[in-house]
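Atom set for the values below is all heavy atoms of this structure, side chains included, hydrogens, waters and symmetry mates excluded. Here the structure is a predicted model, which is why all the values come from computation and not from measurement. One-based numbering, in listed order, for ligands and for the atoms of each.
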Amino acid sequence: MIGCRCEVCRSLDYRDKRLRTSIYVETGNQHFVIDTGPDFRQQMLREDIARVDAVIFTHAHRDHTAGLDDVRAYNFLQNMDMPVYGNAATLTQLKVEYAYAFEKVSYPGIPRLTLNEINDQNFTVNGVTIIPLPVKHLHMEVLGFRFGNFSYITDTNFIPDETLVKLEGTEVLVLNALQREKHISHFNLEEALAMAKKIHAKKTYFTHISHKLGLHAAIEKEFPANVMLAFDGLTI
Ligand SMILES: [Zn+2]
Ligand SMILES: [Zn+2]
Ligand SMILES: [Zn+2]
């Protein structure tokens, strides 16, 4: 947190240096980014990512969308418009926040985006089948995504039964765990641990972690063997 002097924000452990939540998925010859938060550019530079075939959004909160302008680097590199996937509410919000990218008369250097609306039905991107996992983030519908045996759910405090069915057989699960105290729109640590137990993946990683959760090294000691805290740069 900007200006914070707490032990997590001052920690020298690299696992306590948390940028905004996002993942990069490699499957077959395809490379997807899920969410482009304000740290998108920094994350792509840090991980030296030279290819993005599509951007897929969970929801339109700024901590997940504010870095979208920087996909223009991939427009130049790949000489193509960037396919963007999101539900109707997300795409509507993107058109507001990035109005300049959707003007009739284009200006050189703006990000070139192709919007693709998705809903709770499975969809395919360049031959890769992706299963949306609808969840509730207070009143907002957020989409998690399943690729094969990997499921990714961020920003929720309620997973409906229909989505729990879609999660069956997941081997690696990523789930949000914001902090210890109860929160209006995210699972807290206790709720995330209970949900991890219920879904029962072989491995569960917690993400979307606030500085209020505590030090990585200390928190992880409390977990069962199949639950871990994710950290920036983690490769699975
Ligand atoms: Zn802090
Ligand atoms: Zn959110
Ligand atoms: Zn968020």
Side-chain angles (χ1 to χ4, degrees), residues 1-25 32-44 55-70 84-98 118-120 132-145 151-160 163 173-189 191-192 195-196 204-220 229-232 234:
M1 284 292 280
I2 294 173
C4 185
R5 300 282 179 269
C6 81
E7 63 172 357
V8 174
C9 292
R10 287 184 299 123
S11 167
L12 298 179
D13 186 338
Y14 66 94
R15 297 170 303 176
D16 290 318
K17 305 293 181 201
R18 299 167 185 150
L19 299 181
R20 262 60 67 94
T21 303
S22 173
I23 57 169
Y24 182 66
V25 178
F32 307 135
V33 164
I34 302 188
D35 293 338
T36 58
D39 306 313
F40 173 68
R41 179 170 181 275
Q42 188 180 348
Q43 289 162 327
M44 294 298 104
V55 173
I56 305 167
F57 283 107
T58 59
H59 66 308
H61 280 160
R62 292 285 288 173
D63 58 321
H64 298 257
T65 63
L68 183 60
D69 187 86
D70 281 307
V84 171
Y85 292 79
N87 67 14
T90 298
L91 299 189
T92 299
Q93 189 63 23
L94 291 179
K95 283 187 234 169
V96 172
E97 293 183 12
Y98 296 96
I118 55 173
N119 48 36
D120 55 3
L133 304 167
V135 295
K136 286 281 181 207
H137 188 30
L138 186 58
H139 307 303
M140 186 186 225
E141 179 161 285
V142 169
L143 295 177
F145 298 103
S151 297
Y152 179 76
I153 299 177
T154 175
D155 295 68
T156 184
N157 62 341
F158 180 75
I159 302 180
T163 296
L173 172 69
V174 180
L175 195 59
N176 69 157
L178 189 73
Q179 59 188 27
R180 284 185 187 279
E181 303 110 84
K182 217 164 163 49
H183 189 270
I184 191 167
S185 61
H186 285 275
F187 285 139
N188 68 2
L189 183 60
E191 291 161 340
M195 188 51 72
T204 300
Y205 294 87
F206 290 155
T207 192
H208 212 303
I209 300 160
S210 154
H211 64 146
K212 292 197 227 162
L213 188 67
L215 292 167
H216 183 106
I219 295 289
E220 216 180 43
L229 278 190
F231 53 87
D232 289 34
L234 171 67

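- Asp155 contributes OD2 as its N, O or S atom closest to the Zn ion (ligand 3).
- Side-chain atoms of His64 and Asp35 form a donor-acceptor pair, as typed in the model, at a separation below 3.5 Å.
- Its N, O or S atom nearest to the Zn ion (ligand 3) is what matters here, and for Asp63 that atom is OD2.
- Relative orientation of the His137 and His186 rings is perpendicular, given thresholds of 30° and 60° on the angle between their planes.
- In this structure, the side chains of Thr65 and Leu94 come closer than 4.5 Å at one or more pairs of heavy atoms.
- Contact check on Arg20 versus Asp39 returns a salt bridge, with a Lys/Arg side-chain nitrogen under 4.0 Å from an Asp/Glu carboxylate oxygen.
- The Zn ion (ligand 3) lies at 2.8 Å or more from every N, O or S atom belonging to His59.
- The SG atom of Cys6 and the ND1 atom of His211 subtend an angle of 110° at the Zn ion (ligand 1), given to the nearest 10 degrees.
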Given the rule in the side chain to side chain donor-acceptor pair (under 3.5 Å) test, do His183 and Asn157 qualify, once you have shown the distances and angles that lead to the verdict?
CA-CA 8 Å; His183 189 270; Asn157 62 341; over 6 Å; no
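- Within His137, the N, O or S atom lying nearest to the Zn ion (ligand 2) carries the name NE2.
- Taking backbone and side chain together, His61 holds no N, O or S atom under 2.8 Å from the Zn ion (ligand 3).
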